[in-house]
Amino acid sequence: MIENPQLRKILKWTGLTVLTVLVLLTGVSVYFSKNWKPELEKKITEAVNKGSQGLYQVSVKDLHLNILTGSISADSIWLRPDTVMLNALLDKKVAPTHLFEIRLAKLQLRRLSLLRIWRKKEIDLNDIILNKPSINMTYYAGQHRPQTETKPKSLHEVLSGTLHAVRIKAMRIADADFDYISGATGKKLNSVHKLNLTVRDFLLDEHSDDDTTRFYYTKDVRFEIAGYQSPSKDGMYTTKVDSITGSLRKKELEVKNFRMIPKYPELEFSRKLGTQKDRYDLHFKHILFSGIDYLRLNSEGVLHAQSLLLNSGIAKIFMNRELPGDATQDKTKNFPHMALQRLPVATTIDTLKLRQLNVAYTEYNPMAEQKGTIHIDHLKGNVLNVTNDSVSLDKSAVAVALLEADLVKAAHLNIRIDFKLRSPVAGFHYKGHIGPMDMVKLNPLSRALGLVEMESGKISKIDFEAEGNRYGAKGKMQMRYTDLKIRLLKVDEDGGAPKKKGFLSFLANNILIKDSNPLPGKELREVKIDFERTPSASFFNLLWKSVFVGLRETVGLGIVPMKSPEQGNKDMQKKLKDRKEKRAEKQEEKKEEKKKKEQERQQNKN
């Protein structure tokens with residue numbers, strides 16, 4: 001109980017004043033909600049239409065205003081292009097490159113000063129929140145803005161009659177569904193779910209157009225996609241990504257744990273395809289685009305980045321040689337520089353950086369019933385001028401790859417490849433060096449793929465150089481080696497381990513094989529590389545097979561004719577058919593023998 005009458009009077013009047021202010025504010029809030037709501041909805045519609053120069057329309061189902069907290073929320077918002085205006089702009093080819101359609105159940109604006117809007121015609125609010133919106137972004141190619149003598153009005157000039165300035169500290173879009181659509185066909189080019197977007201420090205005033213630190217009036221736009229997953233068109237692969245994040249201010253795009261996962265194991269996968277096709281199993285832990293020109297990407301649809309880093313990756317490629325080749329298939333289009341030209345977006349990557357990549361190319365030999373793998377480990381290096389953009393190609397039409405790696409877990413490889421980006425025959429030039437190697441370490445590969453085993457042999461170095469294209473490769477090779485002895489093998493028709501061909505191995509070592517280079521008292525031999533590519537062979541297959549031809553010539557096996565891949569595959573198919581028939585006959589004989597023994601056992605029992 002307060003005894004002081006004067007203090008009681010002050011508190012009484014204070015409480016009455018506060019209560020009166022609350023009642024007035026509540027009344028004003030109710031008045032705004034009931035009487036200004038239609039006017040506010042009208043102003044929003046007019047502002048969007050005027051700000052977009054008639055291109056966009058907006059509809060709002062309901063508005064909720066709270067003057068006490070300075071917050072506004074809107075229900076069922078739909079922002080969409082005006083079809084009449086859009087079609088007119090498309091006919092004149094002056095429409096924006098990208099059009100948006102946005103639907104959201106609720107929009108929240110917090111800490112908004114209504115008095116500032118009324119008195120200064122300025123919007124200043126803390127943040128805007130959009131929860132689970134649906135966003136369609138449609139791409140229209142070939143659009144351009146005509147050059148005019150008069151400078152087009154800025155967004156601030158368009159809105160200056162209504163507002164002097166707009167400042168938003170943050171705008172957040174959470175769990176958005178995003179569809180990227182072709183304006184030409186209406187088909188979805190890509191879909192993304194669980195997209196999170198944060199816009200930081202949006203400012204629109206008379207000076208913001210001249211602020212070079214801002215991207216479309218913002219200090220930064222950050223985006224994140226979590227848990228992206230998509231099946232391939234043929235259903236044979238699943239692409240998964242843990243996260244994709246990017247920042248317009250930093251000009252970066254980062255991908256973590258990109259995986260392209262085959263649906264079936266190696267042999268099952270290949271047999272479902274029915275013909276010889278590569279099976280890929282890819283995993284890159286870290287992918288980073290740096291120096292992306294987002295402004296040009298948005299306005300022109302051209303991707304330019306200073307660098308692309310592929311770090312800590314595994315690439316497994318599998319080929320099943322038991323299957324027939326596809327005569328209609330030409331893998332030239334999948335050569336790296338040819339695949340680049342087929343990208344739907346004009347692209348320039350100044351430097352492609354490869355770091356700590358492990359590549360494994362595996363072939364299955366059905367005659368030996370074994371797999372042989374060429375391992376290229378710890379691959380690193382740079383590829384310069386990766387581009388399909390005509391402007392960049394006019395400056396330089398060659399992409400240069402400077403790479404090094406550990407080859408077949410036995411030697412170090414350095415190679416330079418010059419890709420001729422405008423070559424109609426997929427031309428390229430390559431030059432490489434392989435360091436010291438114990439040839440016995442090649443046995444896991446040579447046994448499975450060539451039915452040859454190295455008894456001994458030391459390579460001191462290999463140098464090679466060649467010109468290649470879709471038809472094959474021609475060049476030269478020098479290989480220094482000593483003490484080469486081999487053992488020829490033959491397959492076991494019953495599926496056992498390959499067996500030694502004793503007499504043929506003796507003949508090969510004493511007549512065909514040259515056990516060193518240079519031979520005693522002789523000069524170093526340099527051999528020619530002349531390899532004819534089959535259309536179904538991949539770029540990687542062309543590289544290693546042409547080097548293999550040089551090795552073969554150097555050791556003296558060049559006099560033994562090599563079958564063409566087509567003839568070799570044809571002969572293999574015949575041998576596999578004969579083997580299958582013989583095994584079926586043996587199985588039938590075993591069944592008959594088992595049946596006969598069972599009958600004899602039954603007779604003895606009776």
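Please read these numbers as outputs of a predicted model, since none were measured by experiment. Note: hydrogens, waters and symmetry copies are ignored here, and every other heavy atom, side chains too, is used.
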Undergrad: Do you know which of His429, Gln478, Arg416, His433 makes side chain to side chain donor-acceptor pair (under 3.5 Å) with Glu465?
TA: His429
Undergrad: For Lys194, is the NZ atom crowded, meaning more than 12 foreign heavy atoms sit under 6.0 Å from it?
TA: no
Undergrad: Has Lys219 got more than 12 heavy atoms of other residues, nucleotides or ligands less than 6.0 Å from its NZ?
TA: yes
Undergrad: Closer than 4.0 angstrom, basic N to acidic O: yes or no for Lys409 and Asp377?
TA: yes
Undergrad: Can you classify the ring geometry of Phe428 versus His337 as parallel (below 30°), tilted (30 to 60°) or perpendicular (above 60°)?
TA: perpendicular
Undergrad: Less than 4.0 Å between a side-chain N and a carboxylate O, is that true for Asp278 and Lys331?
TA: yes
Undergrad: Measuring from Ser307:OG to Lys353:NZ, what's the distance to the nearest 0.5 Å?
TA: 4.5 Å
Undergrad: Is the backbone N or O of Gly381 less than 3.5 Å from a side-chain atom of Arg355, with the two atoms forming a donor-acceptor pair by type?
TA: yes
Undergrad: Tell me if a side-chain donor or acceptor on Arg222 pairs with a main-chain N or O of Arg200 at a distance below 3.5 Å.
TA: no
Undergrad: How long is the straight-line distance from CG of Leu309 back to CG of Leu288, given to the nearest 0.5 Å?
TA: 6.0 Å
Undergrad: Between the side chains of Arg533 and Thr332, is a donor N or O closer than 3.5 angstrom to an acceptor N or O?
TA: yes
Undergrad: Quick one: do Lys474 and Lys528 satisfy side-chain contact (heavy atoms from CB on, under 4.5 Å)? Show the steps, please.
TA: CA-CA 7 Å; Lys474 292 186 178 183; Lys528 291 183 179 180; over 6 Å; no
Undergrad: Decide side-chain hydrogen bond (donor to acceptor under 3.5 Å, both in side chains) for His193 and Asp175; before the verdict, give the C-alpha distance in whole Å, the side-chain angles of both, and the deciding distance to 0.1 Å.
TA: CA-CA 7 Å; His193 301 285; Asp175 288 340; over 6 Å; no
Undergrad: After noting the C-alpha distance and the side-chain angles of Glu266 and Lys316, does the key distance pass the salt bridge (Lys or Arg N to Asp or Glu O under 4.0 Å) rule?
TA: CA-CA 10 Å; Glu266 290 175 338; Lys316 298 178 182 178; over 6 Å; no
Undergrad: With side chains defined as the heavy atoms from C-beta onward, is the minimum distance between Leu343 and Val345 less than 4.5 Å?
TA: no
Undergrad: Ignoring hydrogens and geometry beyond distance, is a side-chain donor-acceptor pair present between Asp220 and Ser247 at under 3.5 Å?
TA: yes
Undergrad: Give me the atom names and distance for the closest heavy-atom approach of Lys476 to Ile529.
TA: O-CD1, 3.7 Å
Undergrad: Any side-chain heavy-atom pair from Trp544 and Ser546 closer than 4.5 angstrom?
TA: no
Undergrad: Between Asp242 and Arg259, does at least one N-O distance fall below 4.0 Å, as a salt bridge requires?
TA: yes
Undergrad: Using the side-chain contact (heavy atoms from CB on, under 4.5 Å) rule, take Val391 and Leu393 through it: C-alpha gap first, then chi angles, then the decisive distance, then the call.
TA: CA-CA 5 Å; Val391 176; Leu393 287 170; over 6 Å; no
Undergrad: If we ignore hydrogens and angles and just use 3.5 Å, is the side chain of Asn388 paired with the main-chain N or O of Thr347 as donor and acceptor?
TA: yes
Undergrad: Take Phe258 and Tyr228 through the side-chain contact (heavy atoms from CB on, under 4.5 Å) test and state the conclusion after the steps.
TA: CA-CA 9 Å; Phe258 170 89; Tyr228 176 79; over 6 Å; no
Undergrad: Taking all heavy atoms of Asn469 and all of Val425, pick out the closest pair and write down the distance.
TA: CB-O, 3.2 Å
Undergrad: Do you see a donor-acceptor pair shorter than 3.5 Å between the side chains of Asn443 and Arg487?
TA: no
Undergrad: Can Asp515 and Lys485 be counted as an ion pair, charged N to O under 4.0 angstrom?
TA: no
Undergrad: If we ignore angles and hydrogens, is there a donor and acceptor under 3.5 Å between the side chains of Asn358 and His375?
TA: no
Undergrad: Scan side-chain atoms only and decide if Ser392 and Thr348 contain a donor-acceptor pair under the 3.5 Å cut-off.
TA: yes
Undergrad: Taking C-beta and beyond as the side chain, do Tyr364 and Arg321 meet within less than 4.5 Å on heavy atoms?
TA: no
Undergrad: Quick one: does Met439's side chain get under 4.5 Å of Ile459's, heavy atoms only?
TA: yes
Undergrad: Is there a side-chain contact between Leu267 and Phe318 in this structure, where contact means two heavy atoms from C-beta onward sitting under 4.5 Å apart?
TA: yes
Undergrad: For residues Tyr294 and His304, is any side-chain donor paired with an opposing acceptor at under 3.5 Å?
TA: no
Undergrad: Determine yes or no for a side-chain-to-main-chain donor-acceptor pair under 3.5 angstrom, with Ser538 supplying the side chain and Asn541 the backbone.
TA: yes
Undergrad: May I ask you to decide whether Asp483 forms a salt bridge with Lys458, counting only side-chain N to carboxylate O separations under 4.0 Å?
TA: no
Undergrad: Kindly indicate, with the supporting measurements, whether the criterion side-chain hydrogen bond (donor to acceptor under 3.5 Å, both in side chains) is fulfilled by Asp406 and His412.
TA: CA-CA 5 Å; Asp406 294 331; His412 196 71; 3.0 Å; yes
Undergrad: Taking the six-membered ring of Phe269, is the NZ or CZ of Arg279 close enough (under 6.0 Å from the centre) and on axis enough (within 45°)?
TA: yes
Undergrad: Write down the atom of Ala537, the atom of Phe335, and the distance for their closest heavy-atom approach.
TA: O-CE1, 4.2 Å
Undergrad: Between Thr238 and Met260, is there a side-chain heavy-atom distance shorter than 4.5 Å?
TA: no
Undergrad: Answer yes or no: is there an ion pair linking Asp330 with Arg470, defined by an N-O contact shorter than 4.0 Å?
TA: yes
Undergrad: Provide the closest heavy-atom pair for Tyr481 versus Val555 in the form atom of the first, atom of the second, distance.
TA: OH-CA, 3.5 Å
Undergrad: Is a salt bridge present between Lys395 and Asp389, judged by a nitrogen-to-oxygen distance below 4.0 Å?
TA: no
Undergrad: Ignoring hydrogens, what is the shortest heavy-atom contact between Ile292 and Glu252? Give both atom names and the distance.
TA: CD1-C, 4.0 Å
Undergrad: Hey, is the main chain of Val221 close enough, under 3.5 Å, to the side chain of Arg249 for a donor-acceptor pair?
TA: no
Undergrad: Assess whether a salt bridge exists between Arg271 and Glu322, defined as any Lys/Arg side-chain N lying under 4.0 Å from an Asp/Glu carboxylate O.
TA: yes
Undergrad: Classify the angle between the aromatic ring planes of His98 and Tyr139 as parallel (below 30°), tilted (30 to 60°) or perpendicular (above 60°).
TA: tilted
Undergrad: Enter the distance from Leu273:CG to Glu268:CD here, rounded to the nearest 0.5 Å.
TA: 11.0 Å
Undergrad: Using only atom types and a distance under 3.5 Å, with no angle test, would you say the side chain of Ser516 pairs donor to acceptor with the backbone of Thr482?
TA: no
Undergrad: Which value, rounded to the nearest 0.5 Å, describes the distance between Glu453 atom CD and Leu442 atom CG?
TA: 11.5 Å
Undergrad: May I ask you to check if Lys272 and Tyr264 form a cation-pi contact, with NZ or CZ under 6.0 angstrom from the six-membered ring centre and within 45° of the axis?
TA: yes
Undergrad: Check the pair Leu551 / Thr554 against side-chain contact (heavy atoms from CB on, under 4.5 Å), numbers first and verdict last.
TA: CA-CA 5 Å; Leu551 298 177; Thr554 302; 5.7 Å; no
Undergrad: Examine Phe178 together with Phe223 and report whether their ring centres are nearer than 6.0 Å.
TA: no
Undergrad: State, yes or no, whether a side-chain contact exists between Glu467 and Lys420 at a heavy-atom distance under 4.5 Å.
TA: yes
Undergrad: Can you tell me which residue among Asn311, Ile244, Leu308 is in a side-chain contact (heavy atoms from CB on, under 4.5 Å) with Ile287?
TA: Leu308
Undergrad: Indicate whether any N or O donor in one side chain lies under 3.5 Å from an N or O acceptor in the other, for Asn385 and Thr387.
TA: no
Undergrad: Answer whether the closest heavy-atom distance between the side chains of Leu340 and Val386 falls below 4.5 Å.
TA: yes
Undergrad: Val440 and Glu455: which non-hydrogen atoms are nearest, and at how many Å?
TA: CG2-O, 3.8 Å
